[in-house]
Amino acid sequence: MSAVLNCNISFIGGGNMAQALIGGLIARGLPPTRITVSDPVEQVRQLLQEKDVHVTDDNLAAIAEADIVVFAVKPQVLAQVLRPLQGQFADKLVISIVAGAEISTIANLLGTERVVRVMPNTPALVQTGAHGLYATEYVDAKDRELASQVLAATGLTIWVNSEAQIDAVTAVSGSGPAYFFYMMESMIRAGKNLGLDEKVATALTLQTALGAAQMAITSSNTPAELRKNVTSPNGTTQAAIEVFDHAQISQNIQAALAAAKMRSQELAQELSDSI
């Protein structure tokens, strides 16, 4: 983290993910005075100003003294935001958390190859994110370490070997929180149908999800082994697992993630074609 603490970091876009990263960086010791955020919405700027960071609505001014520039804008405004900044990045590392924006697209718009592409996920908002990172050979080891430190402020960072794998990261962790929320919704509904009060069903479901995740993270056993340890022969868990197997839940989950990956590829192509 020490390298990042000596950097000036600018954010173009001050939405939820940018705010999560800013909060994480400040918590890890980056002085707020080293952070600049550009956002067109006055209310967003006012909110960020409370963190003692510099705020502006001028993107060029925001990046003037930056060592690292993080782009956190909506894909549909990518071109109009980046084009006016072209040629300003000779001495700056670019980190893009723009969904579907390939490195070639960013590089062409900005005139630099020093770009790291990131697929974050929303648990970054509570410092438990899982981020997939990719960069081409134009990004050296020092820059990779800087990017890792920026993203590690809000969770786990994993580098992938090809940009195509970012679509798989999107399917697994980018969209992944929604899959678990879906499971939680279903368990809460089932608990209510079985006679539990909604608050009780919700509390039990959420704590069970947290406990299971914590066990999987800290245990030397795989999730499959942990599941088997809970599944006594002819017991209650086995009865439930047999229903899952009969409904081909595992196969359906794999098909769902494959569909998410395909849609990620389509969205990247659509964004590239629109610019």
Given R263 and E270, is the salt bridge (Lys or Arg N to Asp or Glu O under 4.0 Å) satisfied, shown in steps?
CA-CA 10 Å; R263 185 57 183 146; E270 290 171 11; 3.1 Å; yes
With V53, which of I26, L25, I9 fulfils side-chain contact (heavy atoms from CB on, under 4.5 Å)?
I26
Determine whether [X] and [Y] fall in the same hydrophobic cluster, where Ile, Leu, Val, Met, Phe, Trp and Tyr are linked whenever their side-chain heavy atoms lie under 4.5 Å apart.
X	Y	value
V94	L151	no
L206	L196	no
V172	I253	yes
I275	F89	yes
F244	Y182	no

Can you establish whether the number of heavy atoms outside Q127 located under 6.0 Å from its atom CD is more than 12?
yes
Is atom CD of Q238 surrounded by more than 12 heavy atoms (other residues, nucleotides or ligands) closer than 6.0 Å?
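Yes, because the 6.0 Å sphere around CD of Q238 holds more than 12 heavy atoms from other groups.
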For residues [X] and [Y], determine if any side-chain heavy atom of one lies less than 4.5 Å from a side-chain heavy atom of the other.
X	Y	result
K92	L110	no
D245	Q248	no
I158	L133	no
V73	V98	yes
I95	L146	no
I166	R117	yes
T36	F11	no

Given the rule in the side chain to side chain contact (heavy atoms under 4.5 Å, CB included) test, do Q19 and L48 qualify, once you have shown the distances and angles that lead to the verdict?
CA-CA 8 Å; Q19 290 177 35; L48 287 162; 3.7 Å; yes
Interatomic distance, [X] atom [atom1] to [Y] atom [atom2] [nearest 0.5 angstrom]:
X	Y	atom1	atom2	value
H131	W159	NE2	CH2	12.5 Å
M187	T202	CE	OG1	11.0 Å
L257	S264	CG	OG	11.5 Å
T154	L21	OG1	CG	4.5 Å
I106	L78	CD1	CG	4.5 Å
E266	D273	CD	CG	12.0 Å

[X] side chain vs [Y] backbone, donor-acceptor pair below 3.5 Å:
X	Y	result
D143	V139	no
E163	I103	yes
S272	A268	no
E113	T136	no
D57	D39	no
R189	M184	no
Q165	N161	yes
N221	N229	no
Q88	L85	no
S175	A171	no

Trace of the side chain to side chain contact (heavy atoms under 4.5 Å, CB included) decision for Y134 with V116
CA-CA 6 Å; Y134 175 74; V116 175; over 6 Å; no
Could you walk me through whether I12 and V69 pass side chain to side chain contact (heavy atoms under 4.5 Å, CB included), step by step?
CA-CA 7 Å; I12 306 301; V69 179; 3.9 Å; yes
Using every non-hydrogen atom in the two residues, find where [X] and [Y] come nearest and quote the distance to one decimal.
X	Y	answer
S219	L226	OG-CD2, 3.7 Å
P32	D52	CB-O, 3.5 Å
A62	S38	CB-CB, 3.7 Å
R114	A90	NH1-O, 4.3 Å
L271	A99	CD2-O, 4.1 Å
N252	A247	ND2-O, 3.2 Å

Quick one: do Q86 and L109 satisfy side chain to side chain contact (heavy atoms under 4.5 Å, CB included)? Show the steps, please.
CA-CA 6 Å; Q86 189 170 51; L109 288 168; 5.8 Å; no
side-chain contact (heavy atoms from CB on, under 4.5 Å) with P31: which residues, sequence neighbours excluded?
T33, R34
Could I get the full list of side-chain contact (heavy atoms from CB on, under 4.5 Å) partners for N121, not counting sequence neighbours?
P123, A130, S173, P177
Starting from the C-alpha separation in whole Å, work towards a yes-or-no answer on side-chain hydrogen bond (donor to acceptor under 3.5 Å, both in side chains) for S250 and Q254.
CA-CA 6 Å; S250 178; Q254 293 175 60; 3.3 Å; yes
Tell me, with the steps shown, if Q269 and Q265 meet side-chain hydrogen bond (donor to acceptor under 3.5 Å, both in side chains).
CA-CA 6 Å; Q269 187 60 53; Q265 294 170 330; over 6 Å; no
Ignoring hydrogens and angles, state whether a donor on the side chain of E42 or Q46 is under 3.5 Å from an acceptor on the partner side chain.
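There is such a pair (donor and acceptor under 3.5 Å, judged by atom type) between the side chains of E42 and Q46.
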